[in-house]
Amino acid sequence: MINNTVKAAGLIAVLAVLLILVAALNPGLSERISQGLALVTSPRLDTGFTLTDPTGKTVTDRDYRGRYMLVFFGYTFCPDVCPTTLTVLAGALDHLDAATAAKIVPVFVSLDPERDSPAVMGQYVAAFSPAIVGLTGSADAIAQVKKSYRVYSAKVEGSAPDLYTIDHSALLYLIGPDGRFRATIDPGHSAAGLAAELSRAVQ
Amino acid sequence: MKRFLGAVGAVILGMAALPALAGEIEIGNATLRPPVVAGGNGAAFFTITNHGPADRLIAAAATAARSVELHTHIRDGDVLRMRKVDAIAVPAQGQAELKPGGDHVMLFGLDPAATGPGAHVPLTLTFERAGDIQIEVPVAALPAAASGHHGAHGDQ
Ligand SMILES: [Cu+2]
């Protein structure tokens with residue numbers, strides 16, 4: 001019994017060392033750790049999606065290959081978290097030099113397909129930065145991208161049926177030019193801070 | 001009297017008509033983040049400075065909105081949950097700051113005619129002790145309009 005406990009503890013220690021080694025060998029991951037950023041949930045996150053752009057055209061994640069995607073989820077009726085994050089993001093893009101900014105496609109995905117039509121998404125993101133792509137889709141398409149990115153959202157009833165709000169995760173997802181998930185980034189409250197994170201991440 | 005320091009955003013209306021107790025409450029740095037899409041939701045932020053005993057902001061009203069509520073955010077892991085609250089406490093001789101990611105006055109279904117660039121939205125704040133205070137909250141510009149998208153602009 002004691003022996004088994006010791007063995008189990010030994011095994012856990014070995015696993016922990018292995019985990020540290022894996023982190024050390026993965027520069028992105030160890031960088032995230034050293035920066036104290038929100039950590040990667042899984043390197044196998046499915047980053048695929050099929051959504052609709054503001055012109056009504058169907059787009060997929062493949063359309064953005066070759067550049068980093070910075071994906072954020074929210075809704076246009078969001079009064080605080082979404083505009084705050086998109087303001088910080090727009091500011092960060094302004095802080096980056098043009099070459100670095102050109103490597104990144106910021107994508108804002110609606111969690112409120114009921115109210116956020118493609119045209120509304122286009123109008124919304126344009127208020128923050130012309131560089132941000134606003135995507136929405138059918139309820140099924142949104143459910144699919146939520147599942148892939150493991151995004152949490154839940155409707156909260158308001159004082160009238162159409163005055164509901166939505167609780168949702170507020171992280172940025174960084175996807176590599178190869179379409180593979182790199183990291184989640186806490187947008188924070190500083191445009192310069194986020195710009196510094198981004199320029200390190202996309203080097 | 002320095003009570004209202006008319007400065008910093010909030011313009012106090014009808015000072016002479018205010019209940020005496022309202023003199024202990026000062027509202028500063030007021031700003032309203034307008035909805036981007038017409039008829040959407042906005043949020044008002046400001047700093048409440050209390051020169052008197054402990055008080056609580058218990059209601060807010062605006063004719064420009066379909067519904068007005070006092071809100072806070074509760075952090076739950078990566079999720080910020082926005083929730084209605086009954087009151088926002090203002091400590092005696094202290095301050096309460098309504099700011100992004102924290103407390104705000106939530107304005108549902110704002111009338112687009114009332115929130116254009118340069119507009120001021122009248123807002124009535126009701127304090128448990130100090131009573132009603134009328135403020136006019138300046139509508140903030142949205143980032144693209146504010147920066148014009150030329151070069152860097154300041155940090156938040
Ligand atoms: Cu709110």
Side-chain angles (χ1 to χ4, degrees), chain A residues 38 41 75-96 115-117 119-132 150-154 156 158-160 162-171 184 186 188-195, chain B residues 31-45 61 65-84 98-110 112 115 117 139-156:
Chain A
T41 41
Y75 64 113
T76 70
F77 277 72
C78 180
D80 190 356
V81 174
C82 305
T84 299
T85 301
L86 292 175
T87 300
V88 170
L89 177 54
L93 295 171
D94 279 351
H95 273 274
L96 293 173
R115 292 186 295 200
D116 293 340
S117 67
V120 161
M121 288 302 282
Q123 192 194 341
Y124 189 76
V125 294
F128 297 93
S129 163
I132 303 173
R150 296 175 200 174
V151 166
Y152 170 86
S153 81
V156 180
S159 58
D162 62 333
L163 295 184
Y164 61 89
T165 58
I166 295 175
D167 286 347
H168 61 92
S169 3
L171 291 175
T184 52
D186 184 334
H189 285 94
S190 153
L194 179 59
Chain B
T31 184
L32 187 150
R33 181 147 55 195
V36 173
V37 179
N41 304 330
F45 306 101
R66 279 178 58 198
S67 171
V68 183
E69 293 176 357
L70 304 177
H71 278 188
T72 193
H73 279 100
I74 299 159
R75 185 171 272 285
D76 177 4
D78 299 334
V79 182
L80 276 171
R81 297 180 190 274
M82 185 170 69
R83 287 293 178 272
K84 188 179 169 183
L98 282 70
K99 59 178 182 193
D103 297 339
H104 59 254
V105 172
M106 176 85 168
L107 300 143
F108 288 95
L110 272 167
T115 57
V139 175
L142 290 159
S147 77
H149 271 270
H150 304 114
H153 56 81
D155 275 352
Q156 292 301 304

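Values in this document were obtained by computation on a predicted structure and should not be read as measured data. Here is how names work: the chains are called A, B, and so on, in the same order as the sequence lines, proteins then strands, and each is numbered from 1. All heavy atoms count here, side chains included; hydrogens, waters and symmetry mates do not.
By the side-chain contact (heavy atoms from CB on, under 4.5 Å) test, B/Ser67 pairs with A/Ser159, A/Leu163, B/Glu69, B/Phe108, sequence neighbours left out. Remark: A/Phe77 pairs with no residue by the ring-ring contact (aromatic ring centres under 6.0 Å, His included) rule, at least two apart or across chains.
Smallest separation of non-hydrogen atoms from A/Pro79 and B/Ala43: O-CB, 4.0 Å.
Looking at A/Tyr124, both its backbone and its side chain come within 4.5 Å of chain B, counting heavy atoms on both sides. Residue A/Ala126 touches chain B through its backbone alone, counting heavy-atom pairs closer than 4.5 Å. In this structure, no portion of B/Pro35 lies under 4.5 Å from any heavy atom of chain A. Contact annotation for A/Val156: only side-chain heavy atoms (C-beta onward) come within less than 4.5 Å of a heavy atom of chain B.
In this structure, the separation between NE2 on B/His104 and CG on A/Asp80 is 5.5 Å, given to the nearest 0.5 Å. Between A/Thr84 atom OG1 and B/Arg33 atom CZ the span is 3.5 Å, to the nearest 0.5 Å. Distance check, rounded to the nearest 0.5 Å: OG1 of A/Thr165 to CZ of B/Arg81 gives 11.0 Å.
No side-chain heavy atom of B/Val37 sits less than 4.5 Å from a side-chain heavy atom of A/Arg115.
Contact count versus chain B (heavy atoms, under 4.5 Å) is highest, among A/Ala127, A/Ser169, A/Pro83, for A/Ala127. Your options are A/Leu96, A/Leu194, A/Leu93, A/Asp167, and the one with the most heavy-atom pairs under 4.5 Å with chain B is A/Asp167. Per-residue counts of heavy-atom pairs under 4.5 Å with chain A were compared for B/Met106, B/His71, B/Arg83; the largest is that of B/Arg83. With chain A as partner, the option from B/Leu80, B/Val79, B/Asp76 having the largest number of non-hydrogen pairs under 4.5 angstrom is B/Val79.
Salt bridge status for A/Asp162 with B/Arg66: present, with a side-chain N to carboxylate O gap under 4.0 Å.
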